[in-house]
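In listed order, ligands and their atoms are each counted from 1. FYI, the numbering just counts along the sequence from 1.
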Amino acid sequence: MDFKNLTVVNHPLIKHKLTIMRNKNTGPKEFRELLNEITLLLTYEATRNLPTIDVDVDTPIQTTTGQMVEDKKITIVPILRAGLGMMDGILSLVPNASIGFLGIYRDPETLKPVEYYLKFPPFTENHYVFIVDPMLATGFSIKYAIKKVKEFGVKNIIVMSLLAAPEGVKNVEEEHPDVKIFTAAMDEKLNDHAYIIPGLGDAGDRLFRTK
Ligand code: URA
């Protein structure tokens, strides 16, 4: 399946780490560390087109012009709770980013998102917002998060996930064709409970050992 705005970051290290994460015997410590490492590698790709500004810099020899990212105009929005597992990976490359929290749970009957917490920093129109959730499954939570961020006038929105299902990417792309999606792998499909298959199970439970 071809998706215009989707980048599957194809790298042997990502594949290796993801295979360990899929293994049901991998415990929470290693799972968290690997999610952190893969997020860092995804961030490298997802930030490739960030604008830079010219700045003067004094080297020990002379003054020259360097380029810097305006990292104070970058916000990470982890979708609670599994999105928290991707926050540090981005912060290690963009340490001055601000964080906006969005708590959403999936209604078990309708599978639709229900908001229970929102705390965003002040956005400017030219902010770059990275919405992160390890599992892009139905796409409903991501679509909800994009809608919320857009309500603040933000135009540059990037989604990062660890795994994606075709149904979810299609759902997001149809409503938000302006949003770029970066993921480590595109899996086969969703099962009847909207879990990604083959997937890795419930990312939140595996991160926080809640089952
Ligand atoms: N959320 C998860 O944690 N896992 C899935 O497979 C789908 C949604």
Side-chain angles (χ1 to χ4, degrees), residues 1 3 5-9 14-15 17-42 46 76-90 101-118 130-149 158-176 179 181-211:
M1 213 172 288
F3 293 110
N5 293 329
L6 176 75
T7 303
V8 178
V9 181
I14 291 182
K15 288 182 180 158
K17 290 172 192 297
L18 181 56
T19 302
I20 303 172
M21 291 186 78
R22 287 189 194 273
N23 186 333
K24 62 179 184 194
N25 296 319
T26 299
K29 176 176 184 287
E30 202 179 358
F31 192 89
R32 273 197 294 272
E33 287 167 359
L34 290 163
L35 180 56
N36 194 44
E37 289 166 13
I38 293 179
T39 304
L40 201 144
L41 295 166
L42 291 177
I76 306 162
V77 174
I79 299 182
L80 303 179
R81 65 184 166 144
L84 288 176
M86 297 178 77
M87 194 175 79
D88 287 344
I90 308 192
F101 291 101
L102 178 58
I104 302 174
Y105 69 87
R106 220 167 32 163
D107 184 297
E109 310 257 290
T110 63
L111 302 179
K112 294 274 156 56
V114 183
E115 177 185 322
Y116 63 88
Y117 186 75
L118 187 143
F130 291 80
I131 298 172
V132 297
D133 191 347
M135 310 302 270
L136 202 179
T138 60
F140 288 129
S141 302
I142 294 284
K143 275 203 322 189
Y144 186 88
I146 295 171
K147 182 171 80 85
K148 281 283 161 186
V149 172
I158 294 127
V159 167
M160 284 171 51
S161 75
L162 176 68
L163 288 185
E167 296 92 327
V169 175
K170 182 166 177 281
N171 193 8
V172 174
E173 214 175 79
E174 274 171 5
E175 194 161 317
H176 300 287
V179 171
I181 302 170
F182 291 81
T183 190
M186 171 67 99
D187 271 10
E188 203 184 313
K189 58 179 179 178
L190 298 179
N191 70 10
D192 293 343
H193 303 284
Y195 274 81
I196 297 177
I197 51 176
L200 48 72
D202 188 302
D205 284 341
R206 296 200 58 187
L207 278 166
F208 305 117
R209 186 166 258 168
T210 37
K211 267 211 180 113

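Heavy-atom proximity to Ala203, at under 4.0 Å, picks out these atoms of ligand 1: 2 (C), 3 (O). Taking every non-hydrogen atom of Ala137 and a distance limit under 4.0 Å, the qualifying atoms of ligand 1 come out as 7 (C), 8 (C). Each of the following atoms of ligand 1 lies closer than 4.0 Å to a heavy atom of Gly201: 2 (C), 3 (O), 4 (N), 5 (C), 6 (O). Interface of Ile196 with ligand 1, defined as ligand atoms under 4.0 Å from a residue heavy atom, comprises 5 (C), 6 (O), 7 (C). Those atoms of ligand 1 that come under 4.0 Å of a heavy atom in Ala194, given as number and element, are 7 (C).
No side-chain donor-acceptor contact under 3.5 Å links Asp205 to the backbone of Arg209. A distance-only check finds no donor-acceptor pair linking the side chain of Arg22 to the backbone of Gly201 [under 3.5 Å].
Here the CD atom belonging to Glu115 is positioned 4.5 Å from the NZ atom belonging to Lys148, to the nearest 0.5 angstrom. With rounding to the nearest 0.5 angstrom, the CG atom of Leu200 is 11.0 Å from the CG atom of Asn23.
Checking Ile131, Ile104, Val149, Val114 one by one against Tyr144, the side chain to side chain contact (heavy atoms under 4.5 Å, CB included) holds for a single residue, Ile104.
With a 4.5 Å cut-off on side-chain heavy atoms, Val179 and Asn5 do not count as touching.
Protein heavy atom closest to atom 2 (C) of ligand 1, with residue, atom name and distance, is Met135 CG, 3.4 Å. In terms of protein heavy atoms, atom 5 (C) of ligand 1 is closest to Tyr195 CD2, 3.4 Å.
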